[in-house]
**Q** 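Got a structure for you, written out below as structure tokens; questions coming shortly.
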Amino acid sequence: MRFEAFSRRAAVQRGDCLVIGAFERGELGAEASAVDRSLRGRVRRVLARGDFSGRSGETLLLPEVPGLAAGRLLLVGLGTKAQFNRRSWRRAMQNAIAALIRTRIASAAIALERPPAAELDNYYFGRCVAEIVGASLYRVNDLKTERRARAPALARVVLGPVESDAAADVRRGLAAGAAVSESAKLLRNLGNLPANVCTPRYMATQARALERSYRRRVRVRVFDEAGIRRLKMGCLLAVTRGSAEPPRFIVLEYRGARRSRAPLVLVGKGITFDTGGISLKDPPSMDEMKYDMCGAATVLAAIDFAARSELRINLIGLVPTCENMPGGRAVKPGDIVTSASGQTVEILNTDAEGRLILCDALNYAHRYQPEAVVDFATLTGACIIALGHVHSGVMANDDALARELVEAGVRADDRAWQLPLTEDYGEGLRSNFADMANIAGREGGAITAAAFLGKFTKGLRWAHMDIAGSAWTGGAAKGATGRPLSLVADFLTRRAAAARS
Ligand code: BES
Ligand code: MN
Ligand code: ZN
């Protein structure tokens, strides 16, 4: 996919299609008006016929427009002019790209009206467009055997008109957005693969593939079951006990800054399938538990993004990965195990397994004396009840770090919301037999899960992101969403820039 910014008049842009927008009630913005003038009022005449309302979601493709340098003209509804903002612009852009992809158009010039600069500056303008194009072109790596739909033709998008002093920022944004969508593809592919393919060993080969793609910058170390035992990760070992698939603990290192600079550690939950274990889940939609490794995939994708973008930052990725299965050797409710930190845990519910594999990985993070630690996990159904599929949950022992993540999500249109993590939430984890239990009752379940993790991050600046609701969607568009990679990419990019200045 090639992206460029153009500065000359839209009507003289060549290529297969020019894309312009129209508001409801026949109103045209500045870009569309200029095109209409070049076409001697052709656009307004189309609108006057009443065939195009300008409502959001509507598109109209006009072939062979006399006077137009491009082969076709695509009209895109922008909704009402009074309500035009970043959100409606984004929807219009998504509709425009979707309409282009349905055709054989290979190169398109896009001259849609832009929201006010205060809502979307030049950099994010470019970044948003490249991310939307990348996400729209994504096709699930399915295993269907009938004849496949033809791949979309779209290969070149030029954006404008952009003033010459803005072009550099737009181009930077386009490049960043293209990198985000490449890395998001890795995250989505891993999420969508079935659990009989995407096993812990497969996750490790994917990490190794990153090492091969980015020689020198990315190093990978993989611990097998014996290695995990040497690390005394008793909680991770407890979860994997019921499974015939061997577990892995994957350590990735990306070095983009000088060695003396403390790294940022990213930790991801890599349960490649979650049956619940002996505390077995109900059958309906259990298949969706193949997505339970999306936190781990977020970490791999974040390393991929950093390396691809050559960010001046040091990153460590920690990925504990295994299956959660019932079986004759499986861990049982009431079993007590010793975590790598030395603290003992009474496993009251084997379905609360994510926190068990994460706690051993979080403990491992201490050795890096990191600048900060962020973990990503499809951790609780309770987070979906609290925030739906809209916001990811953020919980932290450091409010500034939580704020940084929330603000990155706002800039990237990949929203997150902070939930309170006060000491009160840890009280329900008390156990009569061990240092703590792994569950604390139904109420506030997303936060009590975080409170459990908090017992292993003392002395670290740490934030936890619960992505159970945001990482995938059900229904007709069932699949991995690529979230929260855009948020993470923004967070990392800002941190790299802040350290340099
Ligand atoms: N992987 C699930 C969380 C989940 C549920 C993600 C639904 C996406 C959709 C996690 O391991 C789990 O089972 N959590 C339990 C915790 C409970 C036993 C305390 C839950 O949320 O029900
Ligand atoms: Mn579970
Ligand atoms: Zn799980």
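Numbering of ligands and ligand atoms starts at 1, following listing order. Since this is a predicted model, take the numbers as computed values, not measurements.
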**Q** CZ of R87: more than 12 outside heavy atoms within 6.0 angstrom?
**A**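 No.
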**Q** So which of the N, O or S atoms of E353 lies nearest the Zn ion (ligand 3)?
**A** OE2
**Q** Hydrogens and angles aside, do N324 and T275 bring a side-chain donor and acceptor to less than 3.5 Å of each other?
**A** no
**Q** Students should be able to answer this: which protein heavy-atom is nearest to atom 14 (N) of ligand 1, and at what distance?
**A**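 Protein heavy atom with the smallest distance to atom 14 (N) of ligand 1: L379 O, 3.5 Å.
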**Q** What is the closest protein heavy atom to atom 18 (C) of ligand 1, and at what distance does it sit?
**A**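 Result: N349 ND2, 3.5 Å.
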**Q** Would you say D292 reaches the Mn ion (ligand 2) with an N/O/S atom under 2.8 Å?
**A**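 Of the N, O and S atoms in D292, none lies under 2.8 Å from the Mn ion (ligand 2), which means no.
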**Q** Of all N, O or S atoms in D274, which has the smallest distance to the Zn ion (ligand 3)?
**A** OD2
**Q** Please confirm whether M289 approaches ligand 1 to less than 4.0 Å, judged on its heavy atoms.
**A** yes
**Q** Taking the six-membered ring of Y364 as reference, does the cationic atom of R367 (NZ for Lys, CZ for Arg) lie under 6.0 Å from its centre and within 45° of its axis?
**A**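 So R367 does make the cation-pi contact.
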**Q** What is the nearest protein non-hydrogen atom to atom 12 (C) of ligand 1, stated with its residue, atom name and distance?
**A** D351 O, 3.2 Å
**Q** Heavy-atom contacts with T378 under 4.0 Å: which atoms of ligand 1 show up? List them by number with element.
**A**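 Contacts of ligand 1 toward T378, numbered from 1: 1 (N), 2 (C), 3 (C), 6 (C).
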**Q** Identify, by atom number and element, the atoms of ligand 1 in contact range of K269, meaning under 4.0 Å from any of its heavy atoms.
**A**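 Contacts of ligand 1 toward K269, numbered from 1: 1 (N), 10 (C), 11 (O).
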**Q** Mind reading off the angle at the Mn ion (ligand 2) between the OD2 atom of D274 and the O atom of D351, rounded to 10°?
**A** 170°
**Q** Please determine, by modelled atom types, if E346 and N432 share a side-chain donor-acceptor pair under 3.5 angstrom.
**A**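 E346 vs N432: no donor-acceptor pair found between side chains.
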**Q** What atoms in ligand 1 come closer than 4.0 Å to a heavy atom of E353?
**A**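 The atoms of ligand 1 under 4.0 Å from a heavy atom of E353 are 11 (O).
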**Q** Do N95 and T59 pair up side chain to side chain, a donor and an acceptor below 3.5 Å, judged on atom types alone?
**A**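 No, because no side-chain N or O of N95 sits under 3.5 Å from a partner of the opposite role on T59.
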**Q** Which protein non-hydrogen atom lies closest to atom 2 (C) of ligand 1, naming both residue and atom, and how far is it?
**A** D274 OD2, 3.6 Å
**Q** Does M293 come within less than 4.0 angstrom of ligand 1, counting non-hydrogen atoms of the residue?
**A**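 In this structure, M293 fails to qualify as a contact of ligand 1 - no heavy atom is under 4.0 Å.
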**Q** Within the 4.5 Å heavy-atom criterion, are M293 and C198 side-chain neighbours or not?
**A**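 Contact flag for M293/C198 side chains = yes.
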**Q** Salt bridge between K269 and D292, side-chain N to carboxylate O under 4.0 Å?
**A** yes
**Q** Among all protein heavy atoms in this structure, tell me which lies nearest to atom 21 (O) of ligand 1, with the distance rounded to 0.1 Å.
**A**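 Nearest neighbour among protein heavy atoms for atom 21 (O) of ligand 1, to 0.1 Å: G381 N, 2.7 Å.
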**Q** Quick check for you: with the Zn ion (ligand 3) as the vertex, what angle do OD2 of D292 and NZ of K269 span, to 10°?
**A** 90°
**Q** Strictly under 4.0 Å, does any heavy atom of Y291 approach an atom of ligand 1?
**A** no
**Q** Note the single closest protein heavy atom to atom 19 (C) of ligand 1, along with its residue, its atom name and the distance in Å.
**A**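 In this structure, atom 19 (C) of ligand 1 has I439 CG2, 3.6 Å as its nearest protein heavy atom.
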**Q** For ligand 1, which atoms sit closer than 4.0 Å to a heavy atom of W472?
**A**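 Close to W472: 8 (C), 9 (C).
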**Q** Is the ring centre of Y214 less than 6.0 Å from the ring centre of Y254?
**A**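 Between Y214 and Y254, the centre distance exceeds or equals 6.0 Å.
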**Q** With respect to the Mn ion (ligand 2), what is the nearest N, O or S atom of E353?
**A**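 Going by distance to the Mn ion (ligand 2), the closest N, O or S atom in E353 is OE1.
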**Q** Atoms of ligand 1 less than 4.0 Å from A468 heavy atoms?
**A**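 Ligand 1 atoms under the 4.0 Å threshold to A468: 6 (C), 8 (C).
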**Q** Is there a side-chain contact between F456 and W462 (heavy atoms, below 4.5 Å)?
**A** no
**Q** Looking at R355, which atoms of ligand 1 are within less than 4.0 Å of one of its heavy atoms?
**A** 16 (C), 19 (C)
**Q** Within less than 4.0 angstrom of ligand 1, does K281 place any heavy atom?
**A**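 Contact present.
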**Q** Let me see the working for S341 and N363 under side-chain hydrogen bond (donor to acceptor under 3.5 Å, both in side chains), right down to the final yes or no.
**A** CA-CA 6 Å; S341 74; N363 178 70; 4.8 Å; no
**Q** Any chance CZ of R461 has more than 12 other-residue heavy atoms, nucleotides or ligands included, within less than 6.0 Å?
**A**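 Yes.
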**Q** Check whether T272 reaches the backbone of A195 with its side chain - one donor and one acceptor, N or O, closer than 3.5 Å.
**A** no
**Q** Looking at R403 and E407, is there a salt bridge between them, counting it only when a charged N and a carboxylate O are closer than 4.0 Å?
**A** no
